[in-house]
Amino acid sequence: IKKTNAARLLDALKIEYEMASYTVDEEDLSAVHAAKMLGVHPDVVFKTLVARDESGHLLVACIPAESEIDLKALAREAKVKRCELVAVKELLGLTGYMRGGCSPLAMKKHYATFMDSSILEHEKVFVSAGLRGVQLHLCPKALVDSEQILTQLRAEGYAISPSYQDADLVVVNTCGFIDSAVEESLD
């Protein structure tokens, strides 16, 4: 499977993931179809939707495959008056991704990203790798934490470096072994 920008970002952040692929049906690019093709329940597949608020700022929502987006709830979470989904024809120019292959990671620019809280109910989830027919399978806490960390660091003027040698700051992801990391740090 070809590495995508989203996968390269996870590599740079040292976040473990697997890539899974399936045959694309151009007539059905839905996340529910992706779940069916992957042989998993739609609850563990999260789709990425992009909205625009009244000021023109983009918002990214990552919600379960079978869910419909609640734009009023997204606006409340984003602390804006209202938002609406961007037109499909705008998606590629704004994010670098096409419909059916829009990843919440490594868009052309970093946008405020909101994840449905149910994502943390699962041990592993699937999100688009940024290419139709390719999904990232990873720990949802790592995904949520990485988005929060990236948002904060970018707001403070930091950029992502592909290696430790070039980094001013190193963030270590402990998803999957947090208890042992805490115990070790207490010793």
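A donor-acceptor pair is defined here as one N or O able to donate and one able to accept, closer than 3.5 Å; no such pair exists between the side chain of Ser21 and the backbone of Val134. His122 places no side-chain N or O within 3.5 Å of a backbone atom of Pro140 that could act as its donor or acceptor partner. Of the possible donor and acceptor atoms, one in the side chain of Arg132 sits under 3.5 Å from a partner among the backbone N and O of Arg99. Between the Tyr97 side chain and the Pro104 main chain, no donor and acceptor come within less than 3.5 Å of each other. Panel note: side chain Lys47, backbone Ser67; a donor-acceptor pair is recorded below 3.5 Å.
Applying the ring pair (Phe, Tyr, Trp, His ring centres under 6.0 Å) rule to Phe126 yields the partners His137; only residues at least two apart in sequence or on another chain are considered. For Lys2, the side-chain contact (heavy atoms from CB on, under 4.5 Å) test picks out no residue, with sequence neighbours left out. The salt bridge (charged side-chain N to carboxylate O under 4.0 Å, His left out) test applied to Glu123 returns no partner, not counting sequence neighbours. Shown here are the side chain to side chain donor-acceptor pair (under 3.5 Å) partners of Lys108, two or more places apart in sequence or in another chain: there are none. Contacts of His33 classified as ring pair (Phe, Tyr, Trp, His ring centres under 6.0 Å), with partners at least two apart in sequence or in another chain: none.
When side chains are defined from C-beta on, Leu138 does not count as touching Glu16, because their heavy atoms never get closer than 4.5 Å. Using a 4.5 Å cut-off on side-chain heavy atoms (C-beta onward), Leu120 and Met115 make no contact. With a 4.5 Å cut-off on side-chain heavy atoms, Leu105 and Leu136 count as touching. Contact of the Lys36 side chain with the Tyr22 side chain is not registered, since no non-hydrogen atoms from C-beta on lie closer than 4.5 Å.
When the options Asp11, Asn5, Thr4 are evaluated for a side-chain hydrogen bond (donor to acceptor under 3.5 Å, both in side chains) with Arg8, the one that passes is Asn5.
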Report, one line per pair, each donor and acceptor closer than 3.5 Å where one atom sits in a side chain of residues 48-66; sequence neighbours left out.
residue: Thr48; atom: OG1; partner: Cys102; partner atom: O; Å: 3.2
residue: Arg52; atom: NH1; partner: Glu90; partner atom: OE1; Å: 3.4
residue: Arg52; atom: NH2; partner: Glu90; partner atom: OE1; Å: 2.8
residue: Asp53; atom: OD1; partner: Ser55; partner atom: N; Å: 2.8
residue: Asp53; atom: OD1; partner: Gly56; partner atom: N; Å: 3.0
residue: Asp53; atom: OD1; partner: His57; partner atom: N; Å: 2.9
residue: Glu54; atom: OE1; partner: Lys81; partner atom: N; Å: 3.2
residue: Glu54; atom: OE1; partner: Arg82; partner atom: N; Å: 3.1
residue: Glu54; atom: OE2; partner: Lys81; partner atom: N; Å: 3.3

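Ile1 and Leu131 fall within the same hydrophobic cluster, defined by Ile, Leu, Val, Met, Phe, Trp and Tyr side-chain heavy atoms under 4.5 Å apart, directly or through other members. Follow the hydrophobic side-chain contacts under 4.5 Å out from Val125 and you reach Leu13 in the same cluster. One hydrophobic cluster, built from ILVMFWY side chains closer than 4.5 Å, cannot hold both Val144 and Leu74; they sit in different ones. Hydrophobic clustering (side-chain heavy atoms under 4.5 Å, transitive across Ile, Leu, Val, Met, Phe, Trp, Tyr) keeps Val45 apart from Val127. When the side chains of ILVMFWY residues are joined at heavy-atom separations under 4.5 Å, either directly or via intervening members, Tyr17 and Ile119 end up in a single hydrophobic cluster.
A 6.0 Å sphere centred on CD of Glu68 holds no more than 12 heavy atoms belonging to other residues, nucleotides or ligands.
The line from SG of Cys83 to CD of Glu77 is 11.0 Å long, rounded to the nearest 0.5 Å. For the atom pair Asp70 CG and Arg76 CZ, the distance stands at 6.0 Å (nearest 0.5 Å). Distance check: Leu10 CG to Glu18 CD gives 12.5 Å after rounding to the nearest 0.5 Å.
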Intermediate values then yes/no, side-chain contact (heavy atoms from CB on, under 4.5 Å), Thr23 and Met37: CA-CA 7 Å; Thr23 303; Met37 296 303 293; 4.3 Å; yes
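The two residues Gly130 and Ser128 come nearest to each other via the heavy atoms N-OG, 3.0 Å.
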